[in-house]
2 protein chains.
Amino acid sequence: MTSEDARPDGSGRRVTLAEVAERAGVSRSAASFALNGRLDQRLSAETMARVRRAADDLGYRANVTAKTLRTGRSGTVALVSDFVSSTSFANSMVRGALERLREAGLLLFTVDTQGDAEVEQRFLDDLIARDIDGILYASMFTRRVEVPASARRVPLVLMNCEATEGPAVSSVIPDEEQAGAAAAQLLLQAGHDRGIWFVGTFPPGRTGGDAWHAWGPMALPLRLRGLRDALQDAGTDLAGEVAIDDDWDVRNGFAAAQRLLADGVVPRALVCINDAVAIGVGNALRRAGLHVPTDVSLVSFDGGLLAAASDPALVSLRLPQVEIGRRAAELLLEHGEARVERLRMPPTDGASIAPPRD
Amino acid sequence: MTSEDARPDGSGRRVTLAEVAERAGVSRSAASFALNGRLDQRLSAETMARVRRAADDLGYRANVTAKTLRTGRSGTVALVSDFVSSTSFANSMVRGALERLREAGLLLFTVDTQGDAEVEQRFLDDLIARDIDGILYASMFTRRVEVPASARRVPLVLMNCEATEGPAVSSVIPDEEQAGAAAAQLLLQAGHDRGIWFVGTFPPGRTGGDAWHAWGPMALPLRLRGLRDALQDAGTDLAGEVAIDDDWDVRNGFAAAQRLLADGVVPRALVCINDAVAIGVGNALRRAGLHVPTDVSLVSFDGGLLAAASDPALVSLRLPQVEIGRRAAELLLEHGEARVERLRMPPTDGASIAPPRD
DNA sequence: CTGAAAGCGCTAACAA
DNA sequence: TTGTTAGCGCTTTCAG
């Protein structure tokens with residue numbers, strides 16, 4: 001038998017349960033029970049073995065479509081997101097989910113909607129029409145989302161976002177506020193108590209508007225709150241904030257740091273909204289003759305590729321994406337009470353923090 | 001009608017074609033023809049409209065599982081890879097494929113095998129048992145792969161890899177050799193004709209062995225050949241090669257450059273096997289007091305996030321991942337003759353190349 | 001132009 | 001213990 005053929009006799013057709021039953025000399029139901037290991041049907045061990053052997057001989061594979069039609073369960077789950085599967089940024093969530101689902105023998109559908117509600121609706125309709133057993137609904141940025149009603153028709157867990165209607169729907173998100181506090185702790189422990197700036201707030205008078213600002217990301221306010229609260233608990237506060245008017249990328253981080261330096265500020269530590277901004281900030285510092293970490297300490301958030309590639313490597317509060325994906329899949333499988341879980345953002349081990357100069 | 005309900009009457013059950021037919025006062029077959037727009041059946045326009053209206057009124061969604069069982073076509077494709085969907089590196093291929101498949105109304109199953117042949121076999125069996133319409137078989141590194149026979153049972157296109165059995169199976173891969181030549185051209189055009197080193201060959205006497213070396217990546221030999229051929233065409237050659245014994249990452253790039261400099265070599269240009277290595281090399285150069293690009297020019301391959309984050313931004317021959325994904329999906333849909341397509345790797349626009357000093 | 005009926009491959013209630 | 005049978009919801013042939 002070549003494995004390229006559907007069956008040993010070389011014909012293209014796939015082997016059906018009826019053929020297995022016939023070969024084993026039993027009824028189709030007996031064959032079905034035997035192959036599904038249904039002990040409650042009290043088949044004789046001998047019959048079971050005979051059916052199994054027949055199935056092996058014929059290279060039988062159950063037709064999952066037929067099984068799904070009959071049972072209503074497909075053994076599939078869909079990952080519905082804006083950009084998660086198609087961009088590298090939050091992509092590790094897919095890994096976590098994939099791992100856990102595989103352990104449970106489930107297959108994953110992947111769709112990205114590019115943030116288009118109509119596209120999303122069509123995908124959801126199509127997926128539900130395929131009897132998917134559950135939905136993992138993910139967002140690239142941590143934010144509040146309005147979950148389409150049709151997604152509620154099957155078990156649902158949100159990844160990296162929270163439902164506007166609150167904890168009625170399960171979700172797994174990074175603990176942004178804890179991360180903000182952790183950033184503060186790292187600096188405080190190194191001896192920093194002043195000259196600490198934050199890079200990456202919205203420009204004054206602007207809380208949204210175009211592009212992703214309109215999506216209401218939760219990261220900024222929560223990180224900032226955790227950071228300030230922790231600093232204040234230690235009897236200090238931020239020296240100031242530097243706004244970024246657009247994407248949190250390398251170029252804008254660079255520009256923000258240049259503006260700060262041009263104002264004559266000599267920061268001792270900078271907390272950056274993400275790794276890309278921190279890299280840009282680091283580039284600007286270097287060009288200004290300032291050395292990280294001896295002149296200026298740097299902390300950021302994300303803990304991705306860029307943090308590791310930076311010289312020195314960045315201390316960054318890592319988004320626990322794999323863990324989010326895995327845990328969300330877990331909750332989906334558990335089928336328990338709805339709940340919101342916040343996962344710790346641990347620091348990467350970098351070398352961008354040192355005690356202040358003086 | 002709340003869209004949360006399966007049907008207007010609020011019951012959980014989904015609306016079936018039979019119910020639509022009944023409401024429209026036609027037979028199930030007529031309803032089927034109308035909803036599938038089968039003009040060949042010459043239904044009266046009036047009937048068609050009536051059926052459509054009934055379907056709308058009831059919120060009818062065809063049960064795709066039943067349709068699949070009947071037709072043998074599921075409207076799904078599977079992306080089977082080692083690590084592509086679960087890591088950020090080659091992930092943009094998913095985007096390209098996803099885009100093209102969506103245009104064709106197909107849904108995508110995503111599975112990653114972590115390079116485990118047994119896991120892969122199980123996934124393939126499961127997918128085929130679900131009547132998938134095709135397979136996109138992808139590899140994270142460009143390499144030759146042994147495609148499991150069972151994958152050949154459905155239309156198949158390889159992404160970023162070539163089948164060991166040659167062009168009998170379609171594949172879309174980056175044109176690595178062209179990229180090597182392009183790297184040479186970029187340097188030659190800037191006036192470089194000597195002191196050009198390559199960073200990232202295998203160590204002497206080692207062509208494989210552990211980890212990914214065993215997977216036989218095609219990138220290195222092809223890039224190197226394109227590079228050397230182009231240099232030789234211009235009457236020059238590499239000044240030498242620097243080996244990297246392990247992953248092509250930032251740390252190893254750093255170490256390689258330090259070794260080179262410790263040997264007293266003063267390179268004028270370095271061609272690095274990928275962006276990460278180039279970043280490491282850049283870090284080492286900077287620490288040695290050498291400035292990119294005025295003292296040393298840098299070119300690399302990949303053209304990813306890191307190339308853009310580098311300061312200065314790297315000139316890098318970009319892996320056309322989105323294009324590979326899109327084109328592979330295209331070939332899968334076309335159903336034409338098997339063929340191997342090589343896609344150009346265009347240079348990113350960076351600032352890491354300048355004319356040599358002297 | 002429309003309707004009846006077969007059947008895709010499987011599961012599970014029920015009968016023997 | 002085993003076998004018969006009725007569907008799951010849809011498409012499609014064929015007869016009207």
Side-chain angles (χ1 to χ4, degrees), chain A residues 6-7 11-51 54-55 58-75 125-126 128-131 133, chain B residues 6-7 12-51 54-55 58-75 125-126 128-133:
Chain A
R7 7 189 265 170
S11 82
R13 255 189 61 261
R14 280 186 9 208
V15 180
T16 68
L17 182 62
E19 295 172 85
V20 174
E22 187 186 0
R23 175 167 180 126
V26 301
S27 69
R28 279 152 62 210
S29 48
S32 172
F33 292 140
L35 294 175
N36 290 318
R38 302 253 326 227
L39 302 172
D40 55 317
Q41 297 294 322
R42 300 191 299 173
L43 291 189
S44 70
E46 198 274 325
T47 304
M48 283 229 168
R50 195 147 35 90
V51 172
L58 295 170
Y60 172 73
R61 305 266 163 226
N63 178 321
V64 181
T65 303
K67 197 181 279 219
T68 300
L69 180 59
R70 187 60 232 246
T71 63
R73 264 160 295 113
S74 63
D125 285 344
D126 193 2
I128 289 172
R130 295 182 132 86
D131 301 316
D133 297 334
Chain B
R7 4 189 267 171
R13 256 189 61 261
R14 284 195 353 217
V15 180
T16 69
L17 182 63
E19 295 172 83
V20 173
E22 188 186 358
R23 175 167 181 126
V26 300
S27 69
R28 279 153 65 211
S29 48
S32 172
F33 293 142
L35 294 175
N36 290 318
R38 302 243 338 217
L39 302 172
D40 55 318
Q41 298 294 322
R42 300 191 297 172
L43 292 189
S44 70
E46 198 274 324
T47 305
M48 282 231 168
R50 195 147 34 91
V51 172
L58 295 171
Y60 172 73
R61 305 267 162 224
N63 178 321
V64 181
T65 304
K67 196 180 280 220
T68 300
L69 180 60
R70 185 61 231 250
T71 63
R73 264 160 295 113
S74 63
D125 285 344
D126 193 2
I128 288 172
R130 295 182 131 87
D131 301 317
I132 53 170
D133 297 334

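Lettering follows sequence order; numbering is per chain, from 1.
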field: Whole-Å gap separating P (C:dT2) and CZ (B:R28)
entry: 17 Å

- line: Note: A:L69 and B:T65 closest approach over all heavy atoms is N-CG2, 3.5 Å

field: Sub-4.0 Å heavy-atom contacts from residues 61-69 of chain B onto DNA chain D, ordered by number
entry: B:A62, B:N63, B:A66, B:K67

Distance, rounded to the nearest Å, where B:E19 contributes CD and D:dC8 contributes P: 11 Å

field: Length of the line joining A:L35:CG and C:dC10:P, which is rounded to integer Å
entry: 9 Å

field: Interatomic distance, A:N36 CG vs C:dA13 P [rounded to whole Å]
entry: 13 Å

task: Using only heavy-atom distances, decide whether a donor-acceptor pair under 3.5 angstrom links the side-chain of B:S29 to the base of C:dG3.
output: yes

field: Length of the line joining A:F33:CZ and D:dT2:C1', which is rounded to integer Å
entry: 10 Å

A:L58 CG to A:L17 CG distance, which is reported to the nearest 0.5 Å: 11.0 Å

query: So do B:N36 and B:K67 actually touch side chain to side chain, heavy atoms under 4.5 Å?
result: yes

- prompt: Between A:R130 (CZ) and D:dC10 (C1'), how many Å, whole number?
  reply: 14 Å

query: Any donor-acceptor pair under 3.5 Å linking the side chain of A:R50 with the backbone of A:A24?
result: yes

- prompt: Does B:S32 place a side-chain N or O at less than 4.0 Å from the phosphate oxygens OP1/OP2 of D:dT12?
  reply: no

query: Are any of A:T47's side-chain N or O atoms less than 4.0 Å away from OP1 or OP2 of D:dT2?
result: yes

query: Can you check whether A:Y60 has a side-chain N or O nearer than 4.0 Å to OP1 or OP2 of C:dG9?
result: no

- prompt: Where the side chain of A:T16 is defined as all heavy atoms beyond and including C-beta, which of D:dG3, D:dC10, C:dG9 is the nearest nucleotide?
  reply: C:dG9

statement: On DNA chain C, more 5' by nearest nucleotide between B:R50 and B:T71 is B:R50

message: Counting C-beta onward and ignoring hydrogens, is there a side-chain heavy-atom pair between B:T16 and B:N63 closer than 4.5 Å?
response: no

Whether A:D131 side chain and A:R73 backbone form a donor-acceptor pair below 3.5 Å: no

task: Apply the test side-chain contact (heavy atoms from CB on, under 4.5 Å) to residues B:V64 and B:S74: give CA-CA distance (whole Å), side-chain angles for both, the deciding distance (0.1 Å), then the verdict.
output: CA-CA 7 Å; B:V64 181; B:S74 63; over 6 Å; no

message: Tell me the interatomic distance from A:L58, atom CG, to C:dG9, atom P, rounded to whole angstroms.
response: 15 Å

B:E22 CD to C:dG3 C1', straight-line distance once rounded to whole Å: 15 Å

